[in-house]
Amino acid sequence: MSKFELKNVKEALTDDFWIEAMQEELNQFKRSEVWDLVPRPNDINVIGTKWIYKNKSDENGTVTRNKARLVAQGYKQVERLDFDETFAPVARLESIRLL
Amino acid sequence: MKFKLFQMHVKSAFLNGYLHGEVYVEQPKGFVDPNIPDHVYKLKKALYGLKQAPRAWYERLTEFLINQGYKKGGTDKTLFIKKDKGRLMISQIYVDDIVFRGMSNQMVQHFVHQMQSEFEMSLVGELTNFLGLQVKQMEDTILISHSKYAKNIVKKFGLENASHKRTPAATHLKLSKDETMLLLIKVYTEA
């Protein structure tokens with residue numbers, strides 16, 4: 001287990017634990033059939049991706065898992081061109097308390 | 001208590017949401033296919049960070065629950081209810097965290113199985129923690145507290161070993177102007 005959270009992919013690619021964590025994320029993508037590798041389209045915006053590194057720790061603060069998450073750089077998306085509707089509801093605290 | 005509350009968590013929830021329309025992303029750094037480095041990925045499901053990711057997940061989950069016979073709440077759109085022979089099953093969704101309870105064990109088990117067969121689930125069990133709240137379920141009451149949050153604040157100010165006081169003030173106190181208080185107030189309001 002790596003004790004450090006890394007800032008960039010350059011550092012991560014020199015650490016076996018973090019390489020494994022990134023591989024695990026990509027395996028999850030495969031299992032969930034998230035994407036297909038295709039030739040670059042000519043006239044469509046291609047969004048960049050970024051690795052985020054986060055350590056999970058237990059109650060005592062001991063690192064239990066190195067987690068790598070690949071995220072899309074959503075701020076590069078153009079409204080109407082790349083997306084339209086984005087609203088998603090979350091629960092009201094009243095409902096949660098009521099339960 | 002007759003009907004216990006349970007919770008579960010959907011792993012990588014947003015990766016379950018289907019995307020409408022064409023979205024392409026670059027190959028991730030460090031994992032570019034050397035034979036076709038200029039290729040890109042065409043997304044079928046959402047990625048974290050995409051503007052439409054939360055909505056895509058919510059739609060997928062809603063559709064699934066409705067197909068399983070659940071009705072969406074009229075006021076709270078994240079509350080799902082199913083009635084079966086006069087028995088109720090209730091699920092409250094908070095993005096990828098779900099709190100649920102049913103009027104029979106069978107309904108609860110059935111719901112867990114349904115969810116597990118459709119999504120990757122974790123942390124299935126009795127409700128103990130939700131949205132930073134600590135939940136304690138007892139015989140006929142439920143105790144909801146912010147004990148973790150409170151403990152963290154105490155820790156932050158180095159008071160873990162300080163003694164308790166019934167009245168949070170000195171009993172014999174003479175008031176005087178004290179400029180140093182202003183600094184303290186600033187520290188406390190940050191917490």
Side-chain angles (χ1 to χ4, degrees), chain A residues 8-14 18-19 22-23 25-26 28-29 31-41 43-52 59 67-99, chain B residues 5 11-12 14-17 19-31 33 36 38-59 62 73 75-79 90-95 97-101 119-120 127 130-131 133 142 144:
Chain A
N8 59 57
V9 67
K10 223 174 172 178
E11 284 177 17
L13 286 170
T14 63
W18 282 112
I19 290 174
M22 288 187 281
Q23 197 57 59
E25 173 79 345
L26 294 176
Q28 166 87 39
F29 281 23
R31 283 201 299 276
S32 303
E33 299 182 348
V34 169
W35 60 16
D36 292 318
L37 198 53
V38 298
R40 182 181 296 269
D43 44 1
I44 296 179
N45 191 19
V46 176
I47 301 156
T49 52
K50 186 178 192 240
W51 286 104
I52 304 290
E59 300 269 299
K67 189 172 175 180
R69 171 83 77 197
L70 186 70
V71 303
Q73 294 173 317
Y75 59 88
K76 289 187 181 162
Q77 289 179 273
V78 184
E79 196 168 354
R80 299 227 192 284
L81 213 62
D82 294 328
F83 65 93
D84 293 304
E85 302 290 337
T86 59
F87 177 77
V90 289
R92 297 156 57 115
L93 203 56
E94 296 93 319
S95 307
I96 295 164
R97 193 169 56 227
L98 202 65
L99 268 187
Chain B
L5 281 160
K11 276 190 184 171
S12 302
F14 287 0
L15 299 188
N16 288 300
L19 282 184
H20 315 293
E22 288 178 89
V23 182
Y24 297 88
V25 296
E26 300 284 354
Q27 294 186 52
K29 290 175 197 81
F31 296 85
D33 189 326
I36 35 175
D38 200 46
H39 274 47
V40 294
Y41 281 105
K42 183 170 193 259
L43 292 181
K44 290 190 274 192
K45 305 242 183 88
L47 285 192
Y48 281 80
L50 281 185
K51 302 277 194 226
Q52 56 273 62
R55 189 188 183 92
W57 160 239
Y58 173 73
E59 278 173 358
T62 304
T75 306
D76 189 329
K77 306 287 182 200
T78 62
L79 188 69
I90 304 179
S91 307
Q92 174 72 67
I93 316 294
Y94 197 95
V95 188
D97 283 315
I98 304 175
V99 175
F100 56 101
R101 139 193 282 183
F119 308 107
E120 258 189 84
L127 179 64
F130 195 64
L131 298 178
L133 298 167
I142 299 181
I144 304 174

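Proteins come first, then strands; the chains are lettered A, B, ... in the order of their sequence lines, and each starts at number 1.
With Val40(B) as the partner, the side chain to side chain contact (heavy atoms under 4.5 Å, CB included) test is satisfied by one option alone out of Leu37(A), Val38(A), Ile47(A): Val38(A).
Contacts of Leu13(A) with chain B are made by side-chain atoms alone, with heavy-atom separations under 4.5 Å and no backbone atom involved. Only the side chain of Val9(A) comes within less than 4.5 Å of a heavy atom in chain B; its backbone stays farther off. At a 4.5 Å heavy-atom cutoff, Ile52(A) makes no contact with chain B through either its backbone or its side chain. Neither the backbone nor the side chain of Glu59(B) comes within less than 4.5 Å of any heavy atom in chain A. In this structure, the portions of Arg40(A) lying under 4.5 Å from any heavy atom of chain B include both its backbone and its side chain.
Side chain of Lys29(B) to main chain of Thr49(A): a donor-acceptor pair is present (N/O by atom type, distance under 3.5 Å, no hydrogens or angles).
Here the straight-line distance linking atom NZ of Lys44(B) with atom CZ of Phe29(A) works out to 13.0 Å at 0.5 Å rounding. Note that OG of Ser32(A) is 14.0 Å distant from CZ of Phe14(B), once rounded to the nearest 0.5 Å. Atom NZ of Lys11(B) is separated from atom CD of Gln28(A) by 8.0 Å, given to the nearest 0.5 angstrom.
Of all the listed residues (Phe130(B), Tyr41(B), Phe100(B), Tyr94(B)), the one sharing the greatest number of non-hydrogen pairs under 4.5 Å with chain A is Tyr41(B). In terms of heavy-atom pairs under 4.5 angstrom with chain A, the leader among Asp76(B), Leu79(B), Leu43(B) is Asp76(B). Ranked by heavy-atom pairs under 4.5 Å with chain A, the list Leu47(B), Val25(B), Asp33(B), Leu131(B) is led by Val25(B).
Residues Arg69(A) and Ser12(B) form a side-chain contact, since some pair of their non-hydrogen atoms from C-beta on lies under 4.5 Å apart.
Taking each heavy atom of Gly48(A) and Glu26(B) in turn, the nearest pair found is CA-CG, 4.0 Å. Closest approach of Lys45(B) to Glu33(A), counting heavy atoms only: CG-O, 3.6 Å. Of all heavy-atom pairs spanning Phe31(B) and Ile19(A), the tightest one is CZ-O, 4.4 Å.
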